[in-house]
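Any value given below was found using the heavy atoms of this structure, including those in side chains, with hydrogens, waters and symmetry copies removed. Note that ligands are numbered from 1 as they come in the structure, with each ligand's atoms numbered from 1 the same way.
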Amino acid sequence: MLVAGGELLLRARREGYAVGAFNIQNLEGLWAVTGAAVEERSPVIVAVSPGAIRYGGLRLLATAVRTVAEDLPVPLALHLDHGEDLETVSRCLEAGFTSVMIDGSHLPFRENVDLTRKAVELAHPRGVSVEGELGRLAGMEEKSVEEREALLTDPAQAEEFVRLTGVDSLAVSIGTSHGAYKFRGEPRLDFERLKLIRERVEVPLVLHGASSVPPWAVEKASRYGAQLQGAKGIPEEHLRRAISLGIAKVNIDTDLRLAFTATVREVLATSPGEFDPRKILGPAREAMKEVVREKMRLFGSSGRAAG
Ligand code: G3H
Ligand code: 13P
Ligand code: ZN
């Protein structure tokens, strides 16, 4: 069933687990993510980025997700990921999204507050929850202490941001970054900062850039020609710790892409006579589904579908 995103996160925060938000761009992703949610009896957030909207079409993607959600025996929220502007937020509200993110993290504090507050004013009358972001996701290893301070989320500012905007959840920067190359050296997250933010912020916290870049997927893709030297993600024990410290939503995209394309490469290389897309994409979507299932177990959302 389709539910409001805020409900899923409040319960997760209360009960000490996290709901995964999995990015999709097409039907293969939608089947993989919802299939995993059913098999794990887990609540799930289907995330659609502006890039995915440009690729797949807003109405088509929203209709597909909502249609699948209707008959789904587990709760599903349809979420706009990294909403760029109020027009995109409005279009997603029209299309029936039940959760939206407005990402003003690149803006100066006051401008981020203004933009985010306007998104809240658009979404709340429709019962749709809003995620804001404060702090910037970027590799931290080559940064000076001052640069890091400027990029990571400041706990006192986070408290003020939530109070001024009325957001339902807050994405924070504690050392993660998007994509497959998160660290050159030892993976490091600022758990002390997360604790301080948690002490000051009541709403559920969100971790972006949380893919683990599993070695098996990198090895499989590399065996069949991918060039992914130096790819590295967030260790699973770091994610467990972040969830224990108050992260209630964990965003995953890169790991799904890696599992999918590694499998496409494998099928094309091992069955060179194959040209039926279903025989190529079918195994890839199965591999993606298995990754989503593992995440649900790791985040503690498996078995939590019932109210
Ligand atoms: O955080 C961004 C998500 O991974 C979506 O990526 O903008 O390439 O669709 P995208
Ligand atoms: P990854 O690139 O680590 O999968 O992060 C995805 C994300 O944050 C989507 O918003
Ligand atoms: Zn993100």
Side-chain angles (χ1 to χ4, degrees), residues 5 9 18-26 28-30 32-33 36 44-58 61-62 65 77-85 88 92 97 99-106 112 130-140 151-153 167 169-183 187-189 204-215 217-218 221 228 230-236 238-239 242-243 247-262 288 291-292 294-296 298-299:
L9 298 194
V19 183
F22 302 99
N23 287 81
I24 66 144
Q25 305 101 22
N26 54 23
E28 268 62 37
L30 178 58
V33 172
V44 68
I45 298 168
V46 173
V48 179
S49 71
I53 290 171
R54 285 189 285 275
Y55 178 78
L58 177 58
L61 285 177
V65 177
L78 172 55
H79 176 74
L80 168 65
D81 189 31
H82 293 285
E84 296 161 330
D85 47 45
T88 309
C92 288
F97 280 52
S99 172
V100 291
M101 175 188 189
I102 182 79
D103 183 356
S105 60
H106 54 289
N112 189 1
V130 178
E131 174 182 331
E133 177 161 335
L134 187 68
R136 305 213 49 192
L137 266 63
M140 295 290 158
L151 292 165
L152 297 170
T153 306
V167 283
S169 59
L170 181 70
V172 294
S173 166
I174 56 165
T176 63
S177 57
H178 291 112
Y181 303 89
K182 301 186 195 294
F183 306 97
R188 231 170 257 198
L189 298 187
L205 300 177
V206 179
L207 192 65
H208 283 247
S211 276
S212 292
V213 187
V218 173
L228 293 165
K232 197 187 278 186
I234 313 288
E236 294 190 350
H238 283 30
L239 295 176
I243 293 166
I247 293 292
K249 171 173 175 273
V250 179
N251 285 19
I252 303 288
D253 189 352
T254 295
D255 285 356
L256 309 188
R257 298 179 181 192
L258 284 171
F260 191 88
T261 53
M288 201 188 240
V291 169
V292 177
E294 281 165 24
K295 301 291 179 196
M296 289 169 165
L298 175 68
F299 302 162

Of Lys182, His208, His178, the residue with the heavy atom nearest atom 3 (O) of ligand 2 is Lys182
Contact set, ligand 1, heavy-atom distance under 4.0 Å, ordered by chain/number, equals Asn23, Ser49, Asp81, His82, His178, Asp253, Arg257
Could you tell me whether ligand 2 has any atom less than 4.0 Å away from a heavy atom of Arg257? no
Note: Ala210, heavy atoms under 4.0 Å from ligand 2, region reported as backbone
Near Asn251 (heavy-atom distance under 4.0 Å), the atoms of ligand 2 are 5 (O), 6 (C), 7 (C), 8 (O), 9 (C), 10 (O)
* To do: Please say whether Gly209 places an N or O atom under 3.5 Å from an N or O atom belonging to ligand 2.
  => yes
| field | Donor-acceptor pair, side chain of His238 and main chain of Pro187, under 3.5 angstrom | value | yes
Is it the case that the side chain of Ser105 and the backbone of Arg136 share a donor-acceptor pair, with hydrogens and angles ignored and the cut-off at 3.5 Å? no
Taking every heavy atom of Ala18 against every heavy atom of Lys249, the minimum-distance pair comes out as CB-N, 4.1 Å
Atoms of ligand 2 under 4.0 Å from any heavy atom of Ser211, numbered from 1 in the order shown, are 1 (P), 3 (O), 4 (O)
Check your understanding: Does any non-hydrogen side-chain atom of Met288 lie less than 4.5 Å from one of Phe22?
Key -> no
Note: Leu137, heavy atoms under 4.0 Å from ligand 2, region reported as neither
Within 4.0 Å of some non-hydrogen atom of Ile252, the atoms of ligand 2 are 4 (O)
A student comparing Asp81, Asp253, Asp103 should find that the heavy atom closest to atom 9 (C) of ligand 2 comes from Asp81
Give the intermediate values and the outcome of side-chain contact (heavy atoms from CB on, under 4.5 Å) for residues Leu134 and Val172. CA-CA 6 Å; Leu134 187 68; Val172 294; over 6 Å; no
Point to revise | Heavy-atom check, side chain of Asp253 versus side chain of His178, under 4.5 Å | key: no
Note on the Zn ion (ligand 3): protein N/O/S atoms within less than 2.8 Å are His82 NE2, His178 NE2, His208 ND1
One finds that the ligand 2 atoms under 4.0 Å from a non-hydrogen atom of His82 are 10 (O)
On a heavy-atom basis, the closest approach of Lys295 and Asp255 is NZ-OD2, 2.7 Å
Correct closest heavy-atom pair for Gly135 and Ser173 would be C-CB, 3.8 Å
_In terms of relative ring orientation, are His82 and His208 parallel, tilted or perpendicular, with 30° and 60° separating the classes?_
perpendicular
Going by heavy atoms in the side chains, are Asp81 and Met101 under 4.5 Å from each other?
yes
Any sub-3.5 Å donor-acceptor pair from Ser99's side-chain atoms to His79's backbone N or O? no
Tightest non-hydrogen contact, residues Glu236 and Ser212, listed as CG-OG, 4.0 Å
Review point. So do the side chains of Ile174 and Leu207 get within less than 4.5 Å of each other, counting heavy atoms only?
Key: yes
Residue, atom and distance of the protein heavy atom nearest atom 2 (O) of ligand 2 read Thr254 OG1, 2.6 Å
Shortest non-hydrogen pair, Gly209 vs Leu137, comes out as N-CD2, 4.0 Å
message = So for ligand 2, is Asp255 a polar contact partner (N or O within less than 3.5 Å, distance only)?
response = no
Short N or O distance, Asn23 and ligand 2, threshold 3.5 Å exclusive
no
Test item: Asp103 side-chain N/O and Gly83 main-chain N/O as donor-acceptor pair under 3.5 Å | no
A student checking ligand 2 against Gly179 at a 4.0 Å heavy-atom cut-off should list atoms 2 (O)
Scanning both residues in full, the closest heavy-atom pair of Gly104 with Asn112 reads O-CG, 3.0 Å
